[in-house]
Amino acid sequence: MKELKVFTTVKEMQAYAAAQHAAGKTIGLCPTMGALHEGHMTLMRAARKACDVVIASVFVNPVQFGPNEDYDKYPRQFPADCEKLQAEGVDAVFHPEPQEMYPEGYGTYITVENGITDVLCGARRPGHFRGVATVVTKLMNITRADKAFFGQKDAQQVAVVRRFVADLNLPVEVNMVPICREESGLARSSRNAYMSAEEKKAALVLSRSLRAARAAYEQGECRAEVLKKVTADELAKEPLAKIDYVDLYTYPALQATDNVTEPCLLAIAVYIGKTRLIDNIILG
Ligand code: AMP
């Protein structure tokens, strides 16, 4: 089996990417924060299908975390991540230290200002998408990606990435991969590791509430208010669940709407104990 190449400096990563392009190969980038699970692997597989060379990044990006968020306790398990990437046949992983990405004097940030970062997670996590847009732009430049792969799990993130890639004329094709779930329905997430067995059981209410909304939609219910209420009512049945938001917007424009008459994102963020989980479905 071929060796997974590990790069920790921008210079080495760019040199590897340039050599791949010089050899006529296309590059697929899968940005992650590590603590890799099967959901991340679906991105690697999509990249493998579409590109000659697959580069994963493993970087817990300090700039996208708020001061009271879980940056310090976010799970870091790089050796185990490498084993998974190697087993998946990923060609290279970029794993820089924060200093390498944001050295002394660093001063440039990307902000998307058309309103799509003012809703959902953008409204609850000020500065989050500024951090995401900045790091993803840097990762695209560092890996010279032709295509980049993101999960629908973070559907707003995909909308934001599509927007700045188009606005800044970045020569990268953005691909969205469906949500990978455990058999129970729980969307796979690195943050699931924070939960106790009891909390994990309670967390099934997220996917259950979205299934209830989908069932209502499939029976002809198109009113946003009703679809949100069906979701919230189901969530309210679980005593350990505390709703952060239940919202519905057109997708990917993320405009408010009264009725589902075009593709819409029904998105939820829910605290199970101290763990904040997100999930979503696209209707229409
Ligand atoms: P993260 O490491 O959580 O920042 O996620 C890295 C990438 O993997 C993002 O594009 C996520 O949307 C994607 N991802 C995470 N969990 C899943 C999942 N359960 N299904 C599909 N994609 C996922």
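Heavy-atom basis, side chains included; hydrogens, waters and symmetry copies ignored. Counting convention: from 1, in listed order, for ligands and their atoms alike.
Geometric assessment of Lys274 against the ring of Tyr194 yields a negative cation-pi assignment under the 6.0 Å and 45° thresholds. For the pair Arg76 and Tyr71, the cation-pi criterion (under 6.0 Å, within 45° of the ring axis) is fulfilled.
No side-chain donor from either of Tyr16 and Asp91 sits under 3.5 Å from a side-chain acceptor of the other. A donor-acceptor pair shorter than 3.5 Å cannot be found between the side chains of Glu198 and Ser196.
Taking the six-membered ring where tryptophan is involved, the planes of Phe65 and Tyr74 are perpendicular, since the angle between them exceeds 60° and thus also 30°. Between His40 and His37, the angle of the ring planes lies from 30° to 60°, which puts this pair in the tilted group.
Protein heavy atom nearest atom 15 (C) of ligand 1, with residue, atom name and distance: His37 CE1, 4.0 Å. Nearest non-hydrogen protein atom to atom 22 (N) of ligand 1 is Gly151 CA, 3.4 Å. Here the heavy atom of the protein found nearest to atom 21 (C) of ligand 1 is Pro178 O, 3.4 Å. The single protein non-hydrogen atom nearest to atom 12 (O) of ligand 1 is Asp154 OD2, 2.6 Å, given as residue, atom name and distance. Considering only non-hydrogen protein atoms, atom 5 (O) of ligand 1 sits nearest to His40 NE2, 3.4 Å. Nearest to atom 8 (O) of ligand 1 among the protein's heavy atoms is Leu43 CD1, 3.3 Å. The single protein non-hydrogen atom nearest to atom 6 (C) of ligand 1 is Pro31 O, 3.3 Å, given as residue, atom name and distance.
Every N/O-N/O distance between Ser190 and ligand 1 stays at or above 3.5 Å. At a 3.5 angstrom cut-off on N or O pairs, Met33 counts as close to ligand 1. Residue Gln152 has no nitrogen or oxygen atom sitting less than 3.5 Å from a nitrogen or oxygen atom of ligand 1, judged on distance alone. The N/O atoms of Arg188, backbone and side chain alike, include one that comes under 3.5 Å of an N/O atom in ligand 1. Checked against a 3.5 angstrom limit, the closest N/O atoms of Cys180 and ligand 1 fall inside it.
With hydrogens and angles ignored, the 3.5 Å screen pairs no side-chain donor or acceptor of Asn114 with any backbone N or O of Ala253. One N or O on the side chain of Gln156 and one on the backbone of Cys121 form a donor-acceptor pair closer than 3.5 Å.
Contact atoms of ligand 1 toward Phe150: 10 (O) (distance under 4.0 Å to a heavy atom of the residue).
Within the structure, the closest approach of Gln157 to ligand 1 falls below 4.0 Å when heavy atoms are considered.
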Under 3.5 Å, side-chain donor or acceptor atoms of residues 277-284 against the rest of the protein: list the pairs with distances, not counting sequence neighbours.
unit_1: Asp279; atom_1: OD1; unit_2: Arg181; atom_2: NH2; d: 2.8
unit_1: Asp279; atom_1: OD2; unit_2: Arg181; atom_2: NH1; d: 2.8
unit_1: Asn280; atom_1: OD1; unit_2: Gln152; atom_2: NE2; d: 2.8
unit_1: Asn280; atom_1: ND2; unit_2: Gln152; atom_2: O; d: 2.9
unit_1: Asn280; atom_1: ND2; unit_2: Lys153; atom_2: O; d: 3.3

